[in-house]
**Student:** 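Below is the structure I would like to discuss, written out as structure tokens.
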Amino acid sequence: QKEVEQNSGPLSVPEGAIASLNCTYSDRGSQSFFWYRQYSGKSPELIMSIYSNGDKEDGRFTAQLNKASQYVSLLIRDSQPSDSATYLCAVIYIKAAGNKLTFGGGTRVLVKP
Amino acid sequence: KAGVTQTPRYLIKTRGQQVTLSCSPISGHRSVSWYQQTPGQGLQFLFEYFSETQRNKGNFPGRFSGRQFSNSRSEMNVSTLELGDSALYLCASSPLIRDTQYFGPGTRLTVL
């Protein structure tokens with residue numbers, strides 16, 4: 001079983017709609033959760049971090065964490081064509097020494113005008 | 001603040017050669033992590049340094065090594081290059097342990 005799982009997509013959404021991305025993780029001892037956006041040929045860019053259960057909003061982005069169900073999600077409101085990218089979920093496990101980020105495979109999002 | 005910088009941005013090497021990649025973290029950041037990204041395996045953790053000490057290592061062969069200097073700059077070295085080492089090598093820095101990591105632009109290595 002993969003440690004961090006994401007649907008590879010592509011997730012196709014019309015411009016202005018809400019894109020909903022999900023990520024599940026296998027280790028209940030996970031501590032820190034991150035969403036990164038990666039455009040083709042570029043490096044990952046941090047969107048948001050979340051550490052406790054509930055919702056966290058930043059602009060058009062909302063991250064939701066549910067540790068009991070072991071999932072973290074990302075909502076993108078009013079999706080724009082510039083949001084077309086691969087979205088990576090990453091987790092730091094509390095058992096891991098240091099800062100090892102474990103990444104999911106990424107979900108490719110296509111926003112159609 | 002300036003972001004994470006990596007040099008060189010692109011490299012072409014042949015099998016059997018060795019390569020050294022460099023990473024300068026964001027000013028004040030003491031932790032530097034390295035990742036390899038390939039289409040088939042995705043993003044995989046290589047190793048992490050904090051205050052010049054390797055704190056964590058991923059499942060890569062001993063041909064992959066790294067170090068961190070007193071100014072937090074880090075280098076990684078790959079010896080005896082193989083075709084499968086062709087990848088985007090990413091460096092990320094963070095101020096503390098278990099803190100948010102910020103990625104550099106990466107070094108794209110092609111092994112012929």
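Naming: A, B, ... by sequence-line order, numbering from 1 per chain.
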**Student:** Grouping I, L, V, M, F, W and Y whenever their side-chain heavy atoms are under 4.5 Å apart, do B:Phe60 and B:Leu81 come out in a common cluster?
**Tutor:**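 Per the 4.5 Å side-chain linkage, B:Phe60 and B:Leu81 are co-clustered.
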**Student:** Please indicate whether B:Asn71 has more than 12 foreign heavy atoms, meaning atoms of other residues, nucleotides or ligands, lying under 6.0 Å from its CG.
**Tutor:**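 For B:Asn71, atom CG is crowded (more than 12 foreign heavy atoms under 6.0 Å).
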**Student:** Same cluster or not: B:Tyr35 versus B:Leu46, using hydrophobic residues (I, L, V, M, F, W, Y) connected whenever any side-chain heavy atoms lie under 4.5 Å apart?
**Tutor:** no
**Student:** Are there residues of residues 14-29 of chain B that reach to under 4.5 Å of chain A by heavy atoms, and which ones?
**Tutor:**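 No residue falls under the 4.5 Å cut-off.
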**Student:** Does B:Arg73 CZ have over 12 foreign heavy atoms under 6.0 Å away?
**Tutor:** yes
**Student:** Using 0.5 Å steps for rounding, measure from the OH atom of A:Tyr36 to the CZ atom of B:Phe103.
**Tutor:**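 Going from the OH atom of A:Tyr36 to the CZ atom of B:Phe103 covers 5.0 Å.
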**Student:** Minimum heavy-atom separation for B:Phe45 to A:Leu101, with atom names?
**Tutor:** CB-O, 4.2 Å
**Student:** Is there a path of hydrophobic side-chain contacts, each under 4.5 Å between heavy atoms of I/L/V/M/F/W/Y residues, joining B:Val32 to B:Val78?
**Tutor:**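 Yes, B:Val78 and B:Val32 fall within the same hydrophobic cluster.
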**Student:** Which of the residues A:Gly105, A:Ser49, A:Pro44 is involved in the greatest number of heavy-atom pairs with chain B at under 4.5 angstrom?
**Tutor:** A:Pro44
**Student:** Please examine the side chains of A:Ser43 and B:Val4, heavy atoms only from C-beta on, and report whether any two atoms are closer than 4.5 Å.
**Tutor:**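 A side-chain contact under 4.5 Å is absent here.
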**Student:** Shortest non-hydrogen contact from B:Asp99 to A:Ile92?
**Tutor:**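 Reported closest heavy-atom pair: O-CD1, 4.3 Å.
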**Student:** Would a single hydrophobic cluster contain both A:Tyr71 and A:Ile76, if residues Ile, Leu, Val, Met, Phe, Trp and Tyr are joined by side-chain heavy-atom contacts under 4.5 Å?
**Tutor:**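 Unlinked, A:Ile76 and A:Tyr71 end up in two clusters.
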**Student:** Given a strict heavy-atom distance threshold of 4.5 Å, which part of B:Leu90 is in contact with chain A: side chain, backbone, both, or neither?
**Tutor:**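 The side chain, not the backbone.
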**Student:** Under a 4.5 Å heavy-atom cut-off, does chain B meet the side chain of A:Gln38, its backbone, both or neither?
**Tutor:**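 For A:Gln38, the side chain is the part near chain B, not the backbone.
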**Student:** Of all heavy-atom pairs between B:Thr100 and A:Tyr51, which one has the smallest distance, and what is that distance?
**Tutor:**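 What the structure gives for the nearest pair is OG1-OH, 3.3 Å.
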**Student:** Find the distance between CZ (A:Phe103) and CD (B:Gln37) and round it off to the nearest 0.5 Å.
**Tutor:** 8.5 Å
**Student:** Are A:Leu110 and A:Leu88 connected in a single hydrophobic cluster, I mean Ile/Leu/Val/Met/Phe/Trp/Tyr linked by side-chain heavy atoms less than 4.5 Å apart?
**Tutor:** no
